[in-house]
**Q** 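So that we are looking at the same thing, I have put the structure below in structure tokens.
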Amino acid sequence: MDKIIIHGGRRLEGEVAVSGSKNAALPILISSLLTSEPCVYQGIPQLVDINTALKLLAGLGVVVDKESWVKGGGDIILRPDRVRNFEASYDLVRTMRASFLVLGPLLARFGYAHVSTPGGCAIGTRPVNLHLKGLAEMGATIEQVHGYVEAKAKKLRGAQIYLDLPSVGATENLMMAASLAEGTTVIENAAKEPEIEDLAAALNKMGARVEGAGGDLIRVEGVSSLGGLTHRVIPDRIEAASFVIAGALIGGDVLVTGVRPAHLDAFFIKLKEAGIELSIDANGVRVKGNNTIKSVDVTTLPYPGFPTDMQAQMMVLMSVADGVSVITETIFENRFMHAQELDRMGADIRLEGNRAVVRGVKELSGAPVMATDLRASVSLVLAGLVANGTTEVSRVYHLDRGYEHIEKKFSKLGAAIERVKG
Ligand code: EPZ
């Protein structure tokens, strides 16, 4: 298994361009199942999770042209006219939970789907009850047996659905299913993330009638069929924010380009509270690192609140801040695994249930550490950049799921970072 070695303390200088959003690309690529016409997607990041999604779609019979994407051009063409198989296996869904999003589209277009339930993962149990409840309300018969969901529906019908939690995945699955249902579906307490808006934009280009995405009430008027499209996915706000934290920790002067600042309001407010100097304009975000970092309290919330996917990265910043901060994780029940690794680097973090009390220390020291999930792994890289000495991050396959060529991007900014093939 590959490792990433970082010699800390190098000031970061320069410009880094943000890649396309993983969490927009995954549901949007899967939404191609709703049509038989060619779908052209642009700005798709070169990530392991994207490759898993393409394998999943190819297994269903979608013809995948990823020539440009493989070379870093970011374009993918999907031809879903010969979808013959309606099963997503445990192996694939276990590897990437977002595979569960094929359920809604397969059910809506073919009336049948046999999809493994994702099961838990490192950060939590990750149930899918809200996905299934909504589909049942749209008339699907759902059976759960041997770890699989078997769903059938002659024709889905529009329904009034209330989500007990603003689940991103449930909103995406139900929005896709509703686009081909008979009648109108209303999804109340919908997730409001930018990735939901981007999926709705892609669906509407295919001829769907989705209104209100980005708000908590989404209305979908079902249509009889959908066509192909060309769509460029939005930039990855979490990758962008991770680079902004790197600049705050050990800039220099870093310009993060390609990000849509409006997607990171809550995050920027917290950084300003922490005394980080940011200049934000349409081209991106500039961050300087020569500030005293103040401790601030952070609570993760559904969008537009502080993103749970930025919690681990913020914990690194707070671990070298000048006070005590309390970080409360309200979205996932086990998303503090990076804390003990950071403690091994000299951080002072005490966990109390879903709260982490972070007492800022003067400096972190490099150490061998282990990545446990996607965002935890990038927090260990961030800690290594600012730590005194050498940090060796193992199990970087977690990192490759969500960050495109991260060590190249950081070394371009002046970091002493390399990947050692394992
Ligand atoms: C998406 O996961 C993202 N993944 C996650 O990013 C992100 O952390 C999460 O949304 C929250 O923002 C993708 O978009 C591929 P949820 P998802 O359904 O859809 C509970 C990353 O690092 N819940 O909004 O799985 C669930 O247990 C990943 O890129 C139910 O109880 O998140 C969790 O506590 C990690 N029942 C909360 O809702 C359900 O049926 C939020 O989950 C569904 C969810």
Side-chain angles (χ1 to χ4, degrees), residues 23 97 117-131 133 163-171 189 191-193 216 238 241-242 245 248-249 264-267 269-271 273-274 293-361 364 367 369-383 387 393 395 398-399 401-402:
N23 291 351
R97 176 185 157 64
T117 45
C121 75
I123 61 177
T125 51
R126 313 291 295 268
V128 287
N129 58 310
L130 299 176
H131 301 236
K133 181 165 162 265
L163 294 179
D164 303 338
L165 280 165
S167 154
V168 171
T171 304
N189 195 29
K192 304 196 273 281
E193 274 72 0
D216 50 17
I238 304 301
S242 304
I245 291 269
L249 276 168
L264 287 167
D265 279 347
F267 170 70
I269 289 167
K270 268 300 151 188
L271 282 197
E273 246 181 73
I293 302 165
K294 296 191 200 99
S295 292
V296 292
D297 293 344
V298 177
T299 298
T300 64
L301 288 169
Y303 195 87
F306 190 94
T308 175
D309 293 348
M310 280 307 298
Q311 179 256 103
Q313 301 89 318
M314 194 67 186
M315 190 178 284
V316 178
L317 189 68
M318 291 298 101
S319 62
V320 290
D322 72 348
V324 180
S325 85
V326 177
I327 298 180
T328 308
E329 172 58 58
T330 71
I331 307 292
F332 291 110
E333 61 268 37
N334 184 33
R335 203 171 196 178
F336 283 146
M337 284 169 295
H338 41 284
Q340 58 257 31
E341 296 303 301
L342 293 173
D343 279 350
R344 297 188 52 251
M345 296 177 72
D348 177 354
I349 304 166
R350 204 177 61 249
L351 299 183
E352 298 166 358
N354 73 338
R355 290 171 6 131
V357 179
V358 185
R359 195 176 296 279
V361 295
L364 298 176
V369 288
M370 188 173 76
T372 50
D373 62 271
L374 169 54
R375 306 302 173 182
S377 45
V378 81
S379 73
L380 299 178
V381 170
L382 293 171
V393 184
R395 301 194 179 185
H398 289 293
L399 203 55
R401 292 191 54 178

**Q** Quick one, P302 and I331 - any side-chain contact, counting heavy atoms below 4.5 Å?
**A**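 Counting from C-beta outward, P302 and I331 do come under 4.5 Å.
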
**Q** To the nearest 0.5 angstrom, please state how far the CG atom of L249 sits from the CG atom of L382.
**A**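 Those atoms lie 6.0 Å apart.
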
**Q** Could you go through T328 and F306, starting from their C-alpha distance and side-chain angles, then the distance that decides it, and tell me whether this counts as side-chain contact (heavy atoms from CB on, under 4.5 Å)?
**A** CA-CA 10 Å; T328 308; F306 190 94; over 6 Å; no

**Q** Nearest 0.5 Å, what's the CD1-CZ distance between I327 and F336?
**A**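 It comes to 7.0 Å.
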
**Q** Short question: side chain of Q313, backbone of D309 - any donor-acceptor pair under 3.5 Å?
**A**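 Answer holds: yes.
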
**Q** Mind jotting down which residue pairs meet the salt bridge (charged side-chain N to carboxylate O under 4.0 Å, His left out) criterion with at least one end in residues 310-324? Sequence neighbours excluded, please.
**A**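 Qualifying pairs, neighbours excluded: none.
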
**Q** Let's go through T171 and E193 carefully: what are the C-alpha distance in whole Å and the side-chain angles of both, what is the deciding distance for side-chain contact (heavy atoms from CB on, under 4.5 Å) to 0.1 Å, and is it a yes or a no?
**A** CA-CA 10 Å; T171 304; E193 274 72 0; over 6 Å; no

**Q** Name all residues meeting the salt bridge (Lys or Arg N to Asp or Glu O under 4.0 Å) criterion together with K270; count only those two or more places apart in sequence or in a different chain, and write none if there are none.
**A**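 Checked K270 against salt bridge (Lys or Arg N to Asp or Glu O under 4.0 Å); matches are E273.
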
**Q** Any side-chain heavy-atom pair from K133 and D164 closer than 4.5 angstrom?
**A**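 Contact flag for K133/D164 side chains = yes.
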
**Q** Calculate, to the nearest 0.5 Å, the distance between atoms CG and OG1 belonging to L301 and T308 respectively.
**A**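 Interatomic distance, L301 CG to T308 OG1, rounded to 0.5 Å: 10.0 Å.
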
**Q** Starting at CE of M337, measure out to CD1 of I123 and round the result to the nearest 0.5 Å.
**A**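 Rounded to the nearest 0.5 Å, the CE-CD1 separation comes out at 7.5 Å.
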
**Q** Mind running side-chain contact (heavy atoms from CB on, under 4.5 Å) on L271 and M314 for me, showing each step along the way?
**A** CA-CA 9 Å; L271 282 197; M314 194 67 186; 4.0 Å; yes

**Q** For T330, is there any backbone N or O sitting under 3.5 Å from a side-chain donor or acceptor partner on N354?
**A**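 Not confirmed, N354 side chain does not pair with T330 backbone.
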
**Q** Any idea which heavy atoms bring A347 and S319 closest together, and the distance?
**A**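 Of all heavy-atom pairs spanning A347 and S319, the closest is CB-CB, 3.9 Å.
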
**Q** Kindly indicate whether the side chain of M318, heavy atoms from C-beta on, has any atom under 4.5 Å from the side chain of I349.
**A**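 Of all side-chain heavy-atom pairs linking I349 with M318, none is under 4.5 Å.
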
**Q** Does a side-chain heavy-atom distance below 4.5 Å link S325 with V296?
**A**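 S325 does not reach V296 side chain to side chain.
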
**Q** Give a yes or no answer on whether the side chain of E352 reaches the backbone of R355 with a donor-acceptor pair at less than 3.5 Å.
**A**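 Not a single qualifying donor-acceptor pair exists.
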
**Q** Closest heavy-atom contact between S167 and H131?
**A**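 What the structure gives for the nearest pair is OG-NE2, 4.2 Å.
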
**Q** Kindly give the heavy-atom pair with the smallest separation between K192 and Y303, and that separation in Å.
**A**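 Looking at all heavy atoms of both residues, the shortest contact is O-CD2, 3.2 Å.
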
**Q** Check whether E341 reaches the backbone of M370 with its side chain - one donor and one acceptor, N or O, closer than 3.5 Å.
**A**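 Yes, E341 side chain to M370 backbone: donor-acceptor pair under 3.5 Å.
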
**Q** Quick check: closest heavy atoms across R97 and P118, and the distance to 0.1 Å?
**A**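 Taking R97 first and P118 second, the nearest heavy atoms are NH1-CG, 3.2 Å.
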
**Q** Shortest non-hydrogen contact from D297 to V326?
**A**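 Here D297 and V326 meet closest at OD1-N, 2.8 Å.
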
**Q** Measuring from R375:CZ to H398:NE2, what's the distance to the nearest 0.5 Å?
**A**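 Nearest 0.5 Å value for the CZ-NE2 distance: 13.0 Å.
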
**Q** Which pair of heavy atoms, one from A241 and one from L264, lies closest together, and at what distance?
**A**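 Result for this residue pair: CB-CD2, 4.0 Å.
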
**Q** I want to check something: taking the side chain as every heavy atom from C-beta on, are H338 and T372 in contact at a cut-off of under 4.5 Å?
**A**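 Result no, sub-4.5 Å side-chain heavy-atom pair not found.
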
**Q** Give a yes or no answer on whether the side chain of Q311 reaches the backbone of R335 with a donor-acceptor pair at less than 3.5 Å.
**A**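 Looks like yes, one N/O pair under 3.5 Å.
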
**Q** Step by step, work out the side-chain contact (heavy atoms from CB on, under 4.5 Å) result for E329 and N334.
**A** CA-CA 9 Å; E329 172 58 58; N334 184 33; over 6 Å; no

**Q** Please round to the nearest 0.5 Å and tell me the distance separating atom CD of Q340 and atom CG of L351.
**A**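 It comes to 7.0 Å.
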
**Q** Between the main-chain N or O of V324 and the side-chain N or O of S295, is there a donor-acceptor pair closer than 3.5 Å?
**A**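 Side chain of S295 to backbone of V324, a donor-acceptor pair under 3.5 Å: yes, one is there.
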
**Q** Taking atom CZ of R344 as the centre, does the number of heavy atoms from other residues, nucleotides or ligands within less than 6.0 Å exceed 12?
**A**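 Buried by this count: over 12 neighbours within 6.0 Å.
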
